[in-house]
Amino acid sequence: MTEVQSIYRADLKTALGLAAAAAGHEARNALNGLVVNLEVVRAMAKGAGHDAEPFMSQAIAQSEESIRLSEAAIALLNLVVAALNPDGSLVFELREPGQISLNGGADAERLSAALQPLADRGAIGVERSGSTVILRIPVERHE
């Protein structure tokens, strides 16, 4: 392995962590902007005498759910980053079909809680045992 590859591998966890943070920041900004603009449209429609309330309330609720789901997707990426060794290898355990254990380290509790919106929708199951986050991936999931 060359010196450059060695430095890259040692810094992979940091680089991926920064990428996940940047992705989360940008997703939050875009989705929060959407919510703000929907609130403005709701106020404008009401001021113009249009009854858009049922549609606006539904759109705002869906955009807020999109924020929660984006946060959960970023948490999934952060969980994978947390389970990386300094050499870039991923530490995981396949417990049974569709069940993966990853070491979330000190962030395990926060990460497992952040994954809950995906669990609520049945996309994954999430359990935690100490610093280990256990993901249950539905084997037969149809889109």
Side-chain angles (χ1 to χ4, degrees), residues 4-143:
V4 172
Q5 288 173 323
S6 177
I7 291 169
Y8 176 74
R9 283 187 176 268
D11 200 39
L12 179 62
K13 188 170 187 164
T14 300
L16 288 176
L18 291 171
H25 177 78
E26 293 304 321
R28 277 184 222 97
N29 280 350
L31 290 166
N32 284 328
L34 175 63
V35 171
V36 168
N37 283 298
L38 286 171
E39 290 288 0
V40 169
V41 171
R42 176 174 25 200
M44 291 173 68
K46 187 175 181 179
H50 297 289
D51 185 21
E53 184 58 34
F55 303 105
M56 294 307 299
S57 292
Q58 183 66 15
I60 289 168
Q62 286 297 310
S63 61
E64 289 170 346
E65 180 66 3
S66 295
I67 291 170
R68 286 187 289 277
L69 291 169
S70 292
E71 292 285 345
I74 296 300
L76 186 57
L77 178 56
N78 282 321
L79 176 60
V80 171
V81 170
L84 286 174
N85 275 328
D87 69 358
S89 62
L90 182 64
V91 179
F92 66 96
E93 179 184 346
L94 294 174
R95 295 183 168 207
E96 55 187 63
Q99 194 174 68
I100 304 166
S101 296
L102 297 159
N103 185 352
D107 288 334
E109 183 175 0
R110 182 186 61 78
L111 291 171
S112 62
L115 291 168
Q116 195 57 49
L118 290 172
D120 292 345
R121 288 185 164 242
I124 60 174
V126 180
E127 296 175 31
R128 187 175 62 82
S129 177
S131 64
T132 300
V133 178
I134 303 158
L135 302 176
R136 289 183 322 279
I137 315 302
V139 176
E140 294 185 25
R141 180 159 169 91
H142 304 286
E143 296 300 317

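Side chains are part of it too, since the values below use all heavy atoms of this structure and drop only hydrogens, waters and symmetry mates.
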Test item: R128 side-chain N/O and G130 main-chain N/O as donor-acceptor pair under 3.5 Å
yes
Nearest heavy-atom pair of I74 and A20: which atoms, and what distance?
CG2-O, 3.8 Å
Salt bridge (Lys or Arg N to Asp or Glu O under 4.0 Å) partners of residues 56-81, not counting sequence neighbours, each pair once
R28-E71, E65-R68, E65-R121
Taking S63 for the side chain and I60 for the main chain, is one N or O donor matched with an acceptor at less than 3.5 Å?
yes
Name all pairs fulfilling the salt bridge (Lys or Arg N to Asp or Glu O under 4.0 Å) condition that reach into residues 30-45, sequence neighbours left out, sorted by first residue then second.
E39-R42, R42-E53
Let me confirm one number: the CG-OG distance from L38 to S57, rounded to the nearest 0.5 Å.
10.5 Å
Do K13 side-chain atoms and A82 backbone N/O form a donor-acceptor pair below 3.5 Å?
yes
Verdict with reasoning, V91 to L102, per side-chain contact (heavy atoms from CB on, under 4.5 Å)
CA-CA 7 Å; V91 179; L102 297 159; over 6 Å; no
Spatial distance of atom CD1 (I124) from atom CD (Q99) [nearest 0.5 Å]
12.0 Å
Could you go step by step and tell me if V126 and L135 meet the side-chain contact (heavy atoms from CB on, under 4.5 Å) rule?
CA-CA 5 Å; V126 180; L135 302 176; 4.2 Å; yes
Not counting sequence neighbours, which residues clear side-chain hydrogen bond (donor to acceptor under 3.5 Å, both in side chains) with D51? List them please.
none
Residue set satisfying side-chain hydrogen bond (donor to acceptor under 3.5 Å, both in side chains) with H50, at least two apart, ordered chain then number -> none
Here the pair of heavy atoms bringing L69 nearest to P117 is CD2-O, 3.8 Å
Can you check side-chain contact (heavy atoms from CB on, under 4.5 Å) on T14 and L18, steps first, answer last?
CA-CA 6 Å; T14 300; L18 291 171; 4.1 Å; yes
Can you give me every donor-acceptor pair (side chain of residues 108-115, partner residue at least two apart or in another chain, under 3.5 Å) with its distance?
residue	atom	partner	partner atom	Å
S112	OG	A108	O	3.1
S112	OG	E109	O	3.1

State which residues pass side-chain hydrogen bond (donor to acceptor under 3.5 Å, both in side chains) with R95; sequence neighbours excluded, sorted by chain then number.
S101
Exactly one candidate in L79, D107, N103 meets side chain to side chain contact (heavy atoms under 4.5 Å, CB included) with V133; the answer is L79
